[in-house]
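Shown next, in structure tokens, is the structure this report addresses.
Numbers here are sequence positions counted from 1.
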Amino acid sequence: MNPKFVMLFSGVLMLIAAGMMVGQGQWLMFGIVIPIWLIVLGAWLYRERTR
């Protein structure tokens, strides 16, 4: 499977999940999940650039 497609798909899913978390007032979960996902995204982008 194409890694760019996987990252785009995970990004869309994270936006949907973030919207649901904010809508339900789950700020603790939002505060934990979003930074972790941003770290993963940053690591992936760094790996793609350094190839």
Side-chain angles (χ1 to χ4, degrees):
M1 201 183 258
N2 187 354
K4 287 192 164 121
F5 173 75
V6 172
M7 285 309 291
L8 181 69
F9 188 66
S10 78
V12 170
L13 287 179
M14 278 306 300
L15 287 173
I16 294 168
M20 290 170 71
M21 283 185 270
V22 170
Q24 293 178 356
Q26 307 239 348
W27 291 106
L28 179 65
M29 189 75 175
F30 182 79
I32 293 169
V33 170
I34 297 301
I36 291 172
W37 185 76
L38 288 174
I39 290 167
V40 169
L41 181 66
W44 181 81
L45 286 171
Y46 177 76
R47 207 187 80 207
E48 283 292 306
R49 298 252 165 114
T50 55
R51 263 193 205 168

Residues that, via side-chain heavy atoms closer than 4.5 angstrom, fall in one hydrophobic cluster with Tyr46: none
Other cluster members, Ile36 - Ile/Leu/Val/Met/Phe/Trp/Tyr, side-chain contacts below 4.5 Å: Leu28, Ile32
Other cluster members, Val12 - Ile/Leu/Val/Met/Phe/Trp/Tyr, side-chain contacts below 4.5 Å: Ile16, Met20
Sorted by first residue and then second, give each salt bridge (Lys or Arg N to Asp or Glu O under 4.0 Å) pair with at least one member in residues 11-24; sequence neighbours left out. none
Whichever hydrophobic residues join Leu38 through chains of side-chain contacts under 4.5 Å: Met7, Met14, Met21, Val22, Trp27, Met29, Phe30, Val33, Ile34, Trp37, Leu41, Trp44, Leu45
So which pairs with a foot in residues 29-48 pass salt bridge (Lys or Arg N to Asp or Glu O under 4.0 Å), sequence neighbours left out? Glu48-Arg51
